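We count residues from 1, following the sequence as given. Every value quoted in this text rests on a predicted model; they were computed, and no experiment measured them.
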Amino acid sequence: MLKFRNFLVCIGLLWCALAGAEPVVTPQPDQEQVAVARSMEVLVDPEGHWDFSQVSDRFSGRFVRNTATEPNFGFTSSTIWLRFTLDTSRVRGQSWYLVERYPILDHISLFAPTEDGGYRRVDLGDTLPFDQRLMDHRAFIFPLDTDLAGANTYYVRVSGKGAINLSPMLYSAAGLVEYTYRDILLYGVFYGCLLIMVVYNALLALSLKEPVYLYFVLFLVGITVFNLNVNGFGLQFVWPEVPRLNEYYWLGIYICTPALAMYSRHFLGLKQRFPRYDRVIRHYLAGVAVLLVVQLLIAPPWSYYLSTLLVLITVLLFSWLGWMVWSRGYRAARLYVAAWCVFLVLIFFFVLGNLDWIPYASVISMLPHLGALWVVMMLSLALGDRIRFLERERNQLFLEARENLERHVEEIEQMNRDKSTFLQYVSHELNTPINWIGAANSLDDGETGADQSDVWALVRKGQQRLMGMVSTSLRYFDLADRSTPPLVARCRPLWMLDALLATRARALESLALRVVNRISPNLYVRANETELQEVMAMALDNAIRFSPRGGEITVTSEVMVGEAELRIRDRGRGAGPDQLESLFEPFFVMGSRHHEEGYGLSLAMARVMIEQAGGRIWAESAGLDRGFTLVIRLPLA
């Protein structure tokens with residue numbers, strides 16, 4: 001029987017050689033590992049109904065050569081059959097193992113030949129309790145019988161609800177130890193980093209009372225749960241008796257995504273700085289809640305597709321969000337952007353590999369781990385960068401607050417000075433009208449009608465003076481205290497000046513004054529028409545009042561970049577350089593405070609009206625008795 005079986009194997013090998021099949025896998029004594037994937041043949045059972053006897057006999061001719069180093073079949077409901085021929089004659093008596101390194105296959109069975117010509121079946125998979133494995137290892141390890149004579153054909157059956165990615169390898173005992181050592185070292189570093197970050201940020205959350213660190217800890221926990229599931233350590237160490245939990249690997253995603261959303265809200269300050277993006281995050285959280293309900297109701301592999309879609313949406317959303325916030329000047333988001341941009345690229349290739357859209361390699365299975373480690377590192381650094389940013393922002397706010405306080409103190413001191421000035425002004429201004437009104441007490445029956453007329457004239461003059469002072473003061477305070485700027489429109493200064501000159505023609509003629517109007521007829525400015533006309537009237541009246549008899553008043557205009565400048569110049573008494581700014585202070589008058597013609601408020605009101613319309617006003621003078629120029633600058637219309 002054995003000789004007949006060996007004869008059939010030889011005939012099969014000869015046929016494979018003539019057909020161009022891959023050679024027989026022959027481990028050498030000095031080898032520790034042998035790649036076996038490219039020596040395999042593949043048969044796809046679409047319905048999953050074929051048994052071993054059909055595959056090894058009836059459908060034996062349907063196997064096709066595998067050309068991939070690590071075969072990838074993506075998400076499929078088909079059953080995958082693999083076949084390879086192994087000759088262990090050169091390693092007889094040694095321990096060799098077939099190791100499938102991809103740890104999340106639902107079902108994987110090896111059909112190994114026996115000495116009596118039959119086959120024994122060994123079933124493994126992450127849907128079985130971990131204690132049913134032949135070796136305590138996260139990978140699927142099948143011991144091989146190296147005492148079999150000649151070349152023997154092995155069959156592997158693989159099926160599952162998730163992505164089927166295969167990384168088969170033959171290891172000697174020493175090679176398996178070396179592989180296990182590297183595997184544990186690599187993942188030990190990975191999980192050690194995660195554990196350190198969890199503990200570190202948990203302590204920061206407790207000490208600083210900042211919720212952003214707590215959300216980051218939840219994000220790390222979700223990352224850990226997800227990776228424990230997809231790399232098989234969860235079944236090995238955490239839930240060895242409950243393999244069904246492996247079907248819910250996506251629960252880690254539903255821990256990560258809400259925690260990441262809340263982390264991003266607090267880290268980027270969306271609620272305070274960018275409320276529109278904050279609304280996007282709230283909608284995203286609502287969508288995640290709906291997807292979780294749907295995910296619990298649908299069966300694999302559709303639930304796996306849905307979780308993959310959620311990962312893609314999440315990475316794209318937060319990459320875009322970080323970029324938008326950073327581009328709007330929030331510098332603390334720079335490491336956040338770096339974290340998600342790199343992670344986006346890694347996850348993109350991971351998804352393409354699992355969907356069998358690009359050639360699969362074992363490094364693809366490591367991309368989520370590398371991406372997670374990168375994100376954890378960058379977001380941790382980003383938290384530290386955020387602390388520095390917030391500290392700089394706090395210092396800036398402190399400086400601004402101190403400057404505001406100093407300015408407010410200065411304003412209060414100025415208000416006290418203005419109050420004193422106002423009280424002095426009022427006391428001086430009230431003195432003369434009161435004396436005039438007091439003259440009425442001197443009236444008696446013995447005075448003539450002419451004397452009484454003079455006294456009543458003084459009383460009326462005092463009354464008018466008091467009424468003018470009160471009304472002018474109230475107008476100034478109303479202008480200075482209004483909370484909304486005046487309505488502005490398109491104004492033409494030339495027409496305003498012509499109208500003012502027409503109403504002052506008699507005063508100009510009596511003083512033999514000449515007004516030269518050089519305002520451009522094409523000039524239009526943005527201002528409140530009524531208030532601009534009032535300011536120009538004040539400027540013209542002051543020029544008329546202080547110009548010498550027979551003098552000249554010049555009004556010119558000049559167009560600048562986005563602005564226009566009006567200049568009203570007289571040849572009067574002028575002002576000293578120390579008086580030019582004081583002229584715009586309330587109740588300031590040059591010379592004696594005892595003036596009957598003004599109240600010291602015209603230029604102060606002019607400044608308020610012009611500045612509230614978006615313009616500027618100032619005075620220029622070459623010195624006493626050398627003329628005076630009032631300059632008004634307004635936006636162009």
Side-chain angles (χ1 to χ4, degrees), residues 36-37 40-56 59 62-63 66 68 70-84 97-113 118-144 153-170 228-236 238-250 298-305 307-308 353-356 360 362 365:
V36 70
M40 289 182 165
E41 294 176 303
V42 179
L43 174 64
V44 178
D45 176 6
E47 302 296 332
H49 295 160
W50 302 340
D51 58 23
F52 173 69
S53 62
Q54 292 174 305
V55 169
S56 60
F59 303 123
R62 298 188 183 184
F63 277 88
N66 169 60
E70 298 183 65
N72 174 25
F73 301 93
F75 288 93
T76 177
S77 59
S78 301
T79 296
I80 308 300
W81 288 87
L82 304 170
R83 181 176 68 185
F84 68 99
Y97 306 89
L98 173 64
V99 179
E100 174 48 59
R101 295 171 295 175
Y102 189 66
I104 52 172
L105 297 172
D106 290 353
H107 305 281
I108 178 170
S109 302
L110 175 67
F111 294 86
Y119 279 87
R120 65 183 177 89
R121 176 174 177 172
V122 181
D123 292 320
L124 297 178
D126 68 354
T127 59
L128 301 175
F130 191 79
D131 58 9
Q132 294 187 19
R133 299 200 180 187
L134 303 178
M135 299 188 70
D136 188 7
H137 201 286
R138 73 182 188 93
F140 304 111
I141 301 177
F142 301 92
L144 301 175
T153 302
Y154 292 78
Y155 292 85
V156 179
R157 180 183 185 275
V158 181
S159 64
K161 299 174 182 176
I164 296 181
N165 307 311
L166 301 177
S167 300
M169 185 72 69
L170 294 179
L228 281 174
N229 202 314
V230 298
N231 54 41
F233 285 110
L235 182 61
Q236 182 177 0
V238 185
W239 51 84
E241 299 300 325
V242 193
R244 184 172 175 78
L245 289 179
N246 291 327
E247 293 185 8
Y248 298 92
Y249 75 91
W250 43 264
I298 62 177
W302 297 107
S303 59
Y304 300 159
Y305 285 121
S307 61
T308 302
N354 276 280
L355 295 176
D356 195 23
Y360 187 82
S362 57
S365 65

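Under the rule for a ring-ring contact (aromatic ring centres under 6.0 Å, His included), the partners of Y304 that lie at least two apart in sequence or sit in another chain are Y249. Taking H137 as the reference, Y179 meet the ring-ring contact (aromatic ring centres under 6.0 Å, His included) condition, with sequence neighbours excluded. Applying the side-chain hydrogen bond (donor to acceptor under 3.5 Å, both in side chains) criterion to S159, with sequence neighbours excluded, gives no partner residue. Listed by chain and number, the residues in a side-chain hydrogen bond (donor to acceptor under 3.5 Å, both in side chains) with D131 amount to none (sequence neighbours excluded). Qualifying side-chain contact (heavy atoms from CB on, under 4.5 Å) partners for L105, counting only residues two or more places apart in sequence or in other chains: E100, Y102, I108, F140, V158, I164, L166. Here W302 pairs with nothing under the side-chain hydrogen bond (donor to acceptor under 3.5 Å, both in side chains) rule; sequence neighbours left out.
No side-chain heavy atom of L134 sits under 4.5 Å from any side-chain heavy atom of I141. Looking only at side-chain heavy atoms (C-beta outward), D136 and F130 come within less than 4.5 Å of each other. When side chains are defined from C-beta on, V42 counts as touching F73, because their heavy atoms get closer than 4.5 Å. With contacts defined as side-chain heavy-atom distances shorter than 4.5 Å, the pair V122/R120 qualifies. The side-chain heavy atoms of R83 and T153, taken from C-beta on, include a pair separated by under 4.5 Å.
Between the NE2 atom of H107 and the CG atom of D123 there is a distance of 9.5 Å, given to the nearest 0.5 Å. With rounding to the nearest 0.5 angstrom, the CZ atom of R133 is 7.5 Å from the CD atom of Q236. From L228, atom CG reaches atom CZ of F233 across 8.5 Å, with rounding to the nearest 0.5 Å.
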Check the pair N229, W250 against side-chain hydrogen bond (donor to acceptor under 3.5 Å, both in side chains), reporting the backbone distance first and the verdict last. CA-CA 9 Å; N229 202 314; W250 43 264; over 6 Å; no
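Minimum interatomic distance between V36 and L98 (heavy atoms only, all atoms of both residues): CG1-CD1, 4.3 Å. Looking at every heavy atom in both residues, P71 comes nearest to P168 through CD-CD, 4.4 Å. The shortest heavy-atom contact between W50 and P46 is CH2-CD, 4.3 Å.
Results of the side-chain contact (heavy atoms from CB on, under 4.5 Å) test with P243 over L235, L128, D126 single out L235 as the only residue that passes. None of F52, F84, F59 except one satisfies the ring pair (Phe, Tyr, Trp, His ring centres under 6.0 Å) rule with Y155; the exception is F52.
In terms of modelled atom types and a separation under 3.5 Å, the side chain of R138 and the main chain of N231 share a donor-acceptor contact. Put simply, the side chain of D45 never gets that close to the backbone of T79: no donor and acceptor are under 3.5 Å apart. Of the possible polar contacts, one joining the N66 side chain to the A37 backbone as a donor-acceptor pair under 3.5 Å is found. Under a 3.5 Å cut-off, the side chain of E247 and the backbone N or O of R244 do not form any donor-acceptor pair. Under a 3.5 Å cut-off, the side chain of R101 and the backbone N or O of S167 do form a donor-acceptor pair.
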